[in-house]
Structures are given as C-alpha cells and as structure tokens.
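Written out below as structure tokens is the structure these notes cover.
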Amino acid sequence: MSGTGHMDRRRFVTLAGGVAALAGSGALGALLEACGGEAPAPAVPAAADVSKLYEAAKKEGTVTWWTAHYEQSAAEIMAAAFKRKYPGVEVSLLRQTAQVINTRLNQELKAGGTECDVFASTDEGHYPPLIKGGYLARYTPPDLGLLPKQFQGLNPAHYYHLGAIGFNVINYRSDKVSTPPKKWRDLLDPQWSGKITTGHPGFSGYVGQWVTAMLRTYGDQYLKDLAKNMPKINRSVNDTVTDIVSGERVVGSGPDNFSLAKKGSGSPIDVVFPSDGAVIVPGAVAILKDSKRLNAARLFVNFMYSKEYSEALVSTSNYPLRSDVKPAAGQPAVDKLKVIRNTVDQLTKDLPDAIQKWREIMGV
C-alpha cells in the first residue's frame, strides 16, 4: 500500500489468489493487506465442538446484539440464521448507525452497566477506548480458525474480531444516469448539483470511513467542492439507497451491500467501485466483559465464523467471511478493484476531526 492506502494491483491479486472462492470479490485481498498475514492454506478445518457452550447459552436464553454492520432486514436475517442453528437462544437485536450505538453504549457503561452483550460497529476506532476502559472481554472464538488466516488478526489481542466486510462506493439510479461517476472526484462535477445523496459521518460508520479516506486522499478542498453541489445529507449510509430508489436523488456515496440487494430485487439502482479506491469497511465485533449472558454472547460471536453465517451474508449481498462460501453474483473482479483502507489508528486519530470539518463545511 502507498501512503494514501491504495493497493498495488499485482500485490492485491497475489495476496487474494490463495482463496479461490473469494477470488471474485476483492474484499479478501484488501483485508489480507490490512492484517499483514500470509496466504491461507486451502483446507478448511472442522468446526469445534461447542455443544457445552450451547447448553450453557440455552440456560441464559437470549443474547443482546447491537449492530451497525448491515441494514435492518439483513440484520434480522443474520439473527434468524443464528436461531435456526441454535434453537432455544433468542436474539434481542438493536440495529442503529455506528456512532449512535457507540454513544449509547458509552453512556450506559458510564452510568454503571449495559444490556448489550455483543457490540458490532463499522468504526474500528470505537474499540480502543473500550479496551482501555476495561469494558471488553478478551475472547478467542473456537471456530476462528475456520477463516482464512488473514481474517483472524483484526485485533491481535483478541478483544474484538471481524464480523463483516463492506464497501463505501458510488451509487446511482440506473434508469436515469447513463454515464455514472467513475471516481470520487467525479461527484464534484457541477452536473450533479442538487442530485447527490450522502449519509453523515457523525452518525454512520460507513460515512465516517469514507469522509476520513477522502480527507486523507484529497484534503479539505474535496468537502468544500462537494458542498457546492448541495448534497442531501441523511444520517445512515443506507438512507442514500432509499433516496436513489425513490428517485429523489440520482447519485451518491453509499454502501455496496444494501444497494446490490435492492438491485437484485428489481430496483433501478447500481453501484460503481471507484477507480480511485472503494473504501473498505471491516465491521468489528466484541463481547462486553460484564455481559449477563456471557455464554450466549460467545456462542453468537463464534457463529459468525460458521458456514451458515456466510451463506446468510451472501443472501443479503454482503461478502462472505468463509473461503468455502462463494460471493454473491455480480461482485467486482479482483483485477479491477482498488481499495482505500483506514487503519484503526487513523480512525481513532482522524475521524473526530473529519466529523468536525464536515459539520463546518456542510453546515449540518
């Protein structure tokens, strides 16, 4: 990777080539570079025996999962897949934007406790303060080894792990835009004035990742020029999909997964993986140390490394984590994909300033 976080194409292909089932997605290659591991062995080990953990989880009866990883209906599909695999353990689901659930979690922790058992944010920068505060449990899921080796080291101390992969890309209304933007700077063209939709970095982890990457790559002027095109600013990155599907706006910075799911259901929306770099969003997942349902929480996190979870991901146009589950049709080819990756240190250091600059420049 260069200083801007762009990945050399030959290096990307070499790293990703060891996992044939993910060769068409591009997501694996980006994460391999981020985690700095070697190419994984092709064999997939057998799942661990978690029957004792399951029995203990059934006695607890439920797990409370707070997530920003996907939109609401996709999160419900993940919860349903868990309950099918582990009947007798219910899932209490709260799906909100990353900054909202992080703020709520920290407020509850400072007040003396939280009902949250499993915390899943799209902003990796949320986790170091929680670790420093002593709020997260160190845990190595029994089935972590079922994943390619490079997926296993998001946090070397195992306070949090990878729970999802997504991208912030260019979204557009396919029946109204014949020539969509090809790179992020194309959104600055005056032809898109009054036609752009975005989320807000102060609420959405996906948007925070994108704004941080744009400021690092192009500087403050990018936001100033974007503001001239009068974008509609929502909260969630998924609101951009709603705007485009409804026809209220025709282009925007939005998610790959929800947009492709809408496209698959017949909506006139499509995505472009920008030539200057799609922004990869590794969704982290952690267990609260003082969880009242620690066994159920452990079982739930371990479920994220099961084949059933990756199959559920693919069914909602999210990238699978397992190498033995093929990505959804229509995902970009590796040799055409360029990625921008924010490190956890960059998010921790730069995102608060990025949110402040956004508010000053955009006025919201």
Side-chain angles (χ1 to χ4, degrees), residues 2-7 9 26 166-204 206-260 262-263 267-281 330 332-333 336-342 350 354-355 357-364:
S2 69
T4 62
H6 288 169
M7 185 178 297
R9 182 177 298 173
F167 288 95
N168 196 299
V169 296
I170 294 170
N171 287 218
Y172 69 97
R173 175 85 182 207
S174 54
D175 63 344
K176 294 185 177 181
V177 177
S178 58
T179 306
K182 302 298 184 186
K183 54 182 182 293
W184 291 118
R185 291 183 66 85
D186 289 347
L187 290 177
L188 309 181
D189 192 305
Q191 70 170 308
W192 304 119
S193 180
K195 299 178 181 179
I196 299 172
T197 176
T198 77
H200 195 297
F203 295 94
S204 168
Y206 266 67
V207 182
Q209 293 262 11
W210 172 63
V211 173
T212 301
M214 292 301 97
L215 286 171
R216 193 172 74 252
T217 305
Y218 296 119
D220 295 7
Q221 193 61 44
Y222 184 87
L223 293 188
K224 293 175 182 177
D225 290 341
L226 182 66
K228 294 176 184 176
N229 274 346
M230 299 178 293
K232 179 186 177 186
I233 299 172
N234 303 282
R235 285 193 172 196
S236 172
V237 72
N238 294 320
D239 293 335
T240 65
V241 180
T242 302
D243 283 347
I244 291 172
V245 169
S246 71
E248 183 174 352
R249 297 292 168 112
V250 298
V251 294
S253 166
D256 64 316
N257 41 29
F258 189 32
S259 305
L260 291 173
K262 285 293 188 181
K263 176 185 176 182
S267 296
I269 188 171
D270 210 341
V271 302
V272 171
F273 281 71
S275 61
D276 49 346
V279 180
I280 189 169
V281 182
K336 296 181 180 178
L337 186 61
K338 185 179 288 187
V339 173
I340 303 174
R341 157 82 161 136
N342 295 308
D350 297 340
I355 293 172
K357 286 182 178 179
W358 177 276
R359 293 188 191 279
E360 292 173 355
I361 293 170
M362 298 295 180
V364 62

Applying side-chain contact (heavy atoms from CB on, under 4.5 Å) to Tyr206 and Asn257, what does each step give before you reach the verdict? CA-CA 12 Å; Tyr206 266 67; Asn257 41 29; 3.2 Å; yes
Using modelled atom types only, decide if a donor and an acceptor are shared between the side chain of Asp186 and the backbone of Lys183 within a distance under 3.5 Å. yes
Tell me, do Ile340 and Arg216 make a side-chain contact under 4.5 Å, heavy atoms counted? yes
Ile269 side, atom CD1; Ser174 side, atom OG - distance, nearest 0.5 Å: 8.0 Å
Spacing of NZ belonging to Lys338 relative to OG belonging to Ser275, to within rounding of 0.5 Å: 7.0 Å
For the backbone of Leu187 and the side chain of Asn229, can you confirm whether one donor and one acceptor N or O come within less than 3.5 Å of each other? yes
Any donor-acceptor pair under 3.5 Å from His200 side chain to Trp358 backbone: no
According to the interplanar angle, ranging from 0 to 90°, do the rings of Trp210 and Tyr222 count as parallel (below 30°), tilted (30 to 60°) or perpendicular (above 60°)? perpendicular
I would like to know whether Thr197 and Asp239 meet side-chain contact (heavy atoms from CB on, under 4.5 Å); could you show each step before the answer? CA-CA 8 Å; Thr197 176; Asp239 293 335; 5.9 Å; no
Heavy-atom side-chain contact between Asn171 and Val241 under 4.5 Å: yes
Contact check, side chains of Gln209 and Val281, non-hydrogen atoms, under 4.5 Å: yes
Nearest 0.5 angstrom please: Leu223 CG to Leu188 CG, how far? 9.5 Å
What's the shortest heavy-atom distance between Ala278 and Phe167, and which atoms? CB-CD2, 3.8 Å
Heavy atoms of Thr240 and Gly199 approach each other most closely as CG2-N, 3.6 Å
Quick check: closest heavy atoms across Met362 and Ile233, and the distance to 0.1 Å? CB-CD1, 3.7 Å
Expected output: side-chain Thr212 to main-chain Gly208 donor-acceptor under 3.5 Å: yes
Would you check if the side chain of Arg173 reaches a backbone N or O of Val245 as a donor-acceptor pair within less than 3.5 Å? yes
Rounded distance [0.5 Å steps], CG in Asp243 versus NZ in Lys195: 15.0 Å
So which heavy atom on Leu260 is nearest to which on Val271, and how close? CD2-CG2, 3.8 Å
Ignoring hydrogens and angles, state whether a donor on the side chain of Asp276 or Tyr218 is under 3.5 Å from an acceptor on the partner side chain. yes
Excluding sequence neighbours, so at least two apart, what forms ring pair (Phe, Tyr, Trp, His ring centres under 6.0 Å) with Tyr172? none
Compare every heavy atom of Ser253 with every heavy atom of Val237, then report the nearest pair and how far apart it is. CG2-O, 4.2 Å
Give me the atom names and distance for the closest heavy-atom approach of Val251 to Val177. CG1-CG2, 4.2 Å
Which salt bridge (Lys or Arg N to Asp or Glu O under 4.0 Å) pairs, counting each pair once, include a residue from residues 245-259, with sequence neighbours left out? Lys232-Glu248
Can you find a heavy atom in the side chain of Lys228 that is under 4.5 Å from one in the side chain of Asp225? yes
Report the distance from atom CG of Asp350 to atom CG of Asn342, rounding to the nearest 0.5 Å. 8.0 Å
Given side chains that start at C-beta, do those of Phe273 and Val339 come closer than 4.5 Å, heavy atoms only? no
